[in-house]
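What follows is a short report on a single structure.
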Amino acid sequence: MGGKVTCTLGEVKQRADFIVYWGGNPAECHPRHFTKYTIMQKSKFLPRGRKDRTMVLVDIRETKSAKAADIFLQVKPGKDFELITILRAMIKDQHVTDEQIAVTGLSREVLDDLVGRMKGAKFGCMFFGMGLSMTRGKHMNSAALLTLAAEMNAFTKFVAMPMRGHGNVTGADVIMRWQTGFPFGITFNRGYPRYNPGEFSTVDVLVRGDCDAAFIIGADPGATMPQPAIEHLKRIPTIVLDPHVTHTSRLSRVHITTAPQGIAAPGTAYRMDEIPLPLKPPLKSPYPTDEQVVRRINEAIAAKPFWMPEGSQPQMLTAQV
Amino acid sequence: MLRITGGKVYDPANGIDGEVRDLAIDDHGRFVESVDGGRTIDATGMIVFPGGVDVHTHVAGGAINFARAMTPEDHRRTQAFIRTKSRRSGLGGMAPTTFATGYLYAGMGWTTVNEAAVPVLSARHTHEELADIPIVDKTSLTLMANNEIMLDQLEQGEYERAKQVVAWYLWAAKSYGVKAVNPGGVAAWKWGKDAKQLASPIEGYKKLTPGGIVTQLARICDDLGLPHPIHLHCNNLGAPGNIATTLDTLKHLEGSRAHIAHSQYHAYGGDGWDTMCSETAQLADYFNTHPNITTDAGAVLFGDTVTITADGPWQHLLYKLTGRKWGNLDVENETGCGIVPYTYRPSNLVNAVQWASGLELLLLIQNPWQVFLSTDHPNGGCFWRYPEIIKLLMSADFRKECTRKLPDKIKGKITLPEVDREYTLYEIAVSMSAGPAKALGLSHKGSLGIGCDADVVIYNQDDDPARMFGHPRYVIKGGEVVIEEGDILETPQGREFLVKPARDPDIDAFMRPRFEECYTMSFENYPVEMERIEHAEIRECISHAP
């Protein structure tokens, strides 16, 4: 198990005749998703647009997105992993008991119909949101869904994609990967990148009180993180770069107002399918960009003594400990 | 300014085979007749080569970055680079991070690399990564053979228009040339299909065949005058019996220039995994009688790696065979991409055939100007293992010793045990530097001649080629000493070479409606802006039309 079978959004627009949204509410959270990329688009292969596509919504409650769906499947809260596992078995004609199905809150008829539609599709795509990836089971739910998509390729073309949000979080992922090998949860405290989500993720480092300074760009942990993490941010010198005064700004020692990305600052943003889009600012800002501020801080740091004693060389590690 | 004196010089581009010569480098980083002042490196007793050139590697962009994300378990156990004043931190391993990629290449004397597979849609990303690979100079190739807008033109018999479309895409991607991967097969994979027969129409098309794409795309590269010819990953990669497809493909290329990528993966006989054998002798024969085509070996080394390719259907098969992680990324209108971690084992008969086949091609193709050192990094093995291959090429005894560790059933499936040829240092210099530079059309690379870029690698003479080539004494990039006695001294920013083929001014108007139909970004935002390429240098196009 592992990996990710996916595509860019243009492939969904062009080909996907079967679309599943799982644990997400695009009608309210990604309002342009239906019209730009998925169910509403007409294409060379799907000339009748919405009529040529089937949309399934899987969620624990009937959100506004359910109105757009052909089929709404209300799964019992916390039973997504079970439901995905049952589907993985059913596509392979493996035996599943009625009791096992009952746990999910759905019926065998509904699931038989779903499996039939999945296998009958020419190109299926499953989008999953935080309702799957951030509820009970977390990353194991995501892994299970990605595996289901991979296994569906034994029958027909199938892909899956996370519905990412929050500005340019995908861009941060992409760049951390090429510079350090890892997407997040990285520490440099031995002079080279190491990775352990749950240990080196921002929230864990803050809650343990492991860091003695914090530098926050384009995020507002003061509004979203647990109280012990916020308490630590208050204790240490916290520096915030943001176009707005945020909750974090109020507890920080320094707030530097910067130009908003895409509006008054140029750059690149990575879409949820990891396609880089150039940002072309229409307005000018009296404030510096994040990049300008970071460069100036870097210059100031470069003028300080280096972290290793002058003249010494670090050892290259051929095997890490 | 720099002088290198007393070294034994191997410079195949100028026919110099181990003569003691002095080299002089000016302040612009080029070779000159002589200089006054500056540092002198006394290379007496040492071996002097032009810097290595990798004709086919995957070091930057969406695919390798996907592979990095998929293999954290490898990052944990691999070589780590600790930050110093001149060097940023990073990780080596199967899919090294960008900074480490530059240090590792330069660390073994390679100074130019060709990133061989770039979708235009994410070319902006690839260039950003290339800018983060220090020291080496770079080129990149654009994936074209499954681009549906281009295929539609070929289907309609609009060759001239197809040529214009290719020129438009190359400039949009700020690319150096054309890569073709499994022509038609990746487009078919968008429907879960493949294209294995050169003469059968492609899924979704009435007339167009893989053979038709191969012939016409090769001609387009020649007509546009690209410095590097079509860079072709043939159909039917990795499958037993695919030698027939490969030879058929080569026949479709007659009359054009061509570079066949990683031909080891395309030289198998047999009709199933049990009967798979090496057919490199047939393929080598073809190369030996057709001097206008080149190839790189795509050699396999035993051990762990991660396979990454635009060949989506092949990766689905590899996932089914191995049951390991599978990454797949289909790119709208253009191409696909697949990633599967893989371990080549000497005890595995298929892997043993692959290991032998790569070496056989390097040894059976007589002219080293036609076959170059590569592992199709990271597919057959990581680039930082090239010195191991050099040792296998230079020592028939070492090869025999390694062959003895293969399973008994290998008998009759490979020809390697019968090959006694040993590469000379001169031939190694052709295969790792002068040859690939020439094939890429980089006339200022792979040569120690006057006016060329002063990329030099100096080795201590050593009886063990793996040690010698793995640990150069000095590496000089553009006249700057970047490696000395195993230490990275300087990490200059390399250049990126690209082409601007001539194109019809009307092509924008032709592209716009087709583009808007199948893409999901705006037409204006699609081409990579020139100012985003760090240290760009546009290379000239000269028509190769017959």
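Per chain, numbering begins at 1; letters A, B, ... match sequence-line order.
Both the backbone and the side chain of A:Val174 come within contact range of chain B, judged by heavy atoms closer than 4.5 Å. Of the two parts of A:Phe158, neither the backbone nor the side chain holds a non-hydrogen atom closer than 4.5 Å to a non-hydrogen atom of chain B. Residue A:Lys280 touches chain B through its side chain alone, counting heavy-atom pairs closer than 4.5 Å. With a 4.5 angstrom heavy-atom cutoff, A:Phe123 touches chain B only via side-chain atoms. For chain B, no part of A:Pro183 is nearby; none of its heavy atoms comes within less than 4.5 Å.
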Run the side chain to side chain contact (heavy atoms under 4.5 Å, CB included) test on B:Tyr519 and A:Gln14 for me, step by step, so that the C-alpha distance in whole Å, both residues' side-chain angles and the decisive distance to 0.1 Å come before the verdict. CA-CA 9 Å; B:Tyr519 282 92; A:Gln14 286 284 81; over 6 Å; no
Could you walk me through whether A:Thr8 and B:Leu121 pass the side chain to side chain contact (heavy atoms under 4.5 Å, CB included) test, one step at a time? CA-CA 10 Å; A:Thr8 66; B:Leu121 190 62; 4.1 Å; yes
From CA spacing to verdict: side chain to side chain contact (heavy atoms under 4.5 Å, CB included), A:Lys36, B:Thr520: CA-CA 8 Å; A:Lys36 279 193 85 174; B:Thr520 48; over 6 Å; no
Salt bridge (charged side-chain N to carboxylate O under 4.0 Å, His left out), that's the test. Do B:Glu148 and A:Arg15 meet it? Break it down for me. CA-CA 13 Å; B:Glu148 290 160 44; A:Arg15 295 171 208 268; 2.6 Å; yes
Please assess B:Phe99 against A:Gln179 for the test side chain to side chain contact (heavy atoms under 4.5 Å, CB included), listing each intermediate value before the final yes or no. CA-CA 7 Å; B:Phe99 307 123; A:Gln179 297 201 340; 3.6 Å; yes
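Inter-residue side-chain proximity for B:Ile64 and A:Trp178 is flagged as unmet; no heavy-atom pair is nearer than 4.5 Å. The shortest distance between side-chain heavy atoms of B:Lys193 and A:Lys157 does not fall below 4.5 Å.
Electrostatic pairing of B:Lys190 and A:Glu11 counts as a salt bridge here, judged by a charged N lying under 4.0 Å from a carboxylate O.
The NZ atom of A:Lys13 sits 10.0 Å away from the CG atom of B:Asn333 when rounded to the nearest 0.5 Å. Expressed to the nearest 0.5 Å, how far OH of B:Tyr319 lies from CD of A:Glu151 amounts to 5.0 Å. With values rounded to the nearest 0.5 angstrom, B:Asp132 atom CG is found 8.5 Å from A:Ile175 atom CD1. To the nearest 0.5 angstrom, B:Leu91 atom CG is 13.0 Å from A:Tyr195 atom OH. In this structure, CD in A:Glu274 is found 9.5 Å from OG in B:Ser122, a value given to the nearest 0.5 Å. Residue A:Cys7 holds its SG atom at 8.5 Å from CD of B:Glu332, rounded to the nearest 0.5 Å.
Considering all non-hydrogen atoms of both residues, B:Lys325 and A:Gly3 come closest at CB-N, 4.1 Å. Nearest heavy-atom pair across B:Thr97 and A:Thr180 is CG2-C, 3.2 Å. Nearest heavy atoms, A:Tyr192 versus B:Ser89: CA-CB, 3.9 Å.
For an aromatic pair to be called close, the ring centres must be under 6.0 Å apart, and A:Phe182 with B:His75 satisfies this. Taking the centre of each ring, B:Trp191 and A:Phe45 come in below the 6.0 Å mark.
Under 3.5 Å, the side chains of A:Thr268 and B:Glu128 contain a donor-acceptor pair of N or O atoms.
A distance-only check finds a donor-acceptor pair linking the side chain of A:Arg177 to the backbone of B:Asn65 [under 3.5 Å].
Around NZ of A:Lys42, the count of heavy atoms belonging to other residues, nucleotides or ligands within 6.0 Å does not exceed 12. Counting non-hydrogen atoms of other residues, nucleotides and ligands closer than 6.0 Å to CZ of A:Arg295 gives a total of 12 or fewer.
Interface check for chain A: of the options B:Gln315, B:Glu529, B:Lys320, B:Arg532, the most heavy-atom pairs under 4.5 Å are formed by B:Arg532. Of the listed residues (A:Gly181, A:Gly171, A:Ser43), the one with the most heavy-atom contacts under 4.5 Å to chain B is A:Gly181. Ranking B:Met70, B:Glu129, B:Met521 against chain A, the residue ahead of the rest is B:Glu129, based on heavy-atom pairs under 4.5 Å.
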